[in-house]
2 protein chains.
Amino acid sequence: MASQRTEGDRHRPATGKSSCECVADHPLTEDQLAADVQTLAAAGSETRYEALRLIAGAESGVCVCELEPALGVSQGAVSQALSRLYAAGLVRRRKEGRWRYYTVTPRAERLLAVMDETRALDDE
Amino acid sequence: MASQRTEGDRHRPATGKSSCECVADHPLTEDQLAADVQTLAAAGSETRYEALRLIAGAESGVCVCELEPALGVSQGAVSQALSRLYAAGLVRRRKEGRWRYYTVTPRAERLLAVMDETRALDDE
DNA sequence: TGCTAATATTAGAACACGCTAATATAATTG
DNA sequence: CAATTATATTAGCGTGTTCTAATATTAGCA
């Protein structure tokens, strides 16, 4: 019904009020939405996505110094990338002696799995 | 093994060559990786993610003018957001008379489903 | 044919991002 | 303890992003 347009249904100019009276409001809270966006944005960068893939592919954790040559950016950049992935809940850290090992979270695993599974779905 | 560190295993300074000899190389092609990043980055913005949610929540397509008040940005911005989602393979367009209806692709549906399903996985 | 409505496109401004280089912190080793 | 190694943090720079406002395009209608 919301998408049914009749004669009298005109284009409302943007009034600035985003009260959404025309489409079914999504059942997500502000916080959930923001968290999702943070997660997706964290994964949505070449360096970070590649890092995530490398971490997911390793058996028992990867440390920063191993990622540096693989990603081809500076140590600082790797650290920043991992911090961002951590903040987004996509990786976990484990400190062991002088090193810090990173592993992926279940959420990241599921996300990567979906990316793999739906790649073939060549938007028909 | 790659993550096993012994005495002689030193930190190699970044030589600029990113040939990745230390971690198992991920089985993704350059193109697949770039496409995934584009998809995730497209979804990873407040405006676009909210648009995606609204489109996914509607039964049979949403048009731009319906999204404008809901998203609270200008018409041009909505159009740009939808174009980006389209380029990323997350939505489909259908032209009908004067309007253009947007629907989500199976890939987007799966992606949103995973975000919902894994939200509870409060990184244990 | 003009007129209006829906959407797309463009230019430009404000801001965010991602990198490097340098420096700081923390843990290990001699 | 000093020296070294792994990682984190910070400043700053170039670039990309995302918005608005204005304009262009396209389709229906009088």
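Quick caveat, the model's predicted, so the values are computed rather than measured. All values below come from the heavy atoms of this structure, side chains included, with hydrogens, waters and symmetry mates left out. In what follows, every chain begins at residue 1, and chains take the letters A, B, ... in the order their sequences are listed.
- Under the rule for a salt bridge (charged side-chain N to carboxylate O under 4.0 Å, His left out), A:Arg84 has no partner lying at least two apart in sequence or in another chain.
- Taking atom CG of B:Leu85 as the reference point, atom P of D:dT18 lies 11 Å away to the nearest angstrom.
- Between the CH2 atom of A:Trp99 and the P atom of D:dT7 there is a distance of 8 Å, given to the nearest Å.
- A salt bridge (charged side-chain N to carboxylate O under 4.0 Å, His left out) check over residues 73-82 of chain B, counting only residues at least two apart or in different chains, returns nothing.
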Practice task
Using a 4.0 Å cut-off on protein heavy atoms (strictly under), produce a 5'-to-3' string for nucleotides 8-22 of chain C with B for base contact, S for backbone-only sugar-phosphate contact, and - for none.
Solution key: BBBB------SBB--

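- Residues satisfying the salt bridge (charged side-chain N to carboxylate O under 4.0 Å, His left out) criterion with B:Arg94, sequence neighbours excluded, are B:Glu96.
- The separation between A:Glu96 atom CD and D:dT7 atom P is 12 Å, rounded to whole Å.
- Atom CZ of B:Arg98 and atom C1' of D:dC29 are 7 Å apart (whole Å).
- The salt bridge (charged side-chain N to carboxylate O under 4.0 Å, His left out) test applied to A:Arg107 returns A:Asp36, not counting sequence neighbours.
- If you measure from atom NZ of B:Lys95 to atom P of C:dT7, you get 10 Å, rounded to the nearest angstrom.
- Straight-line distance from the CZ atom of A:Arg94 to the C1' atom of C:dA27: 17 Å, rounded to whole Å.
- The salt bridge (charged side-chain N to carboxylate O under 4.0 Å, His left out) search around B:Glu117 returns A:Arg110, not counting sequence neighbours.
- Salt bridge annotation for B:Asp31-A:Arg119: absent, with no cationic side-chain nitrogen under 4.0 angstrom from a carboxylate oxygen.
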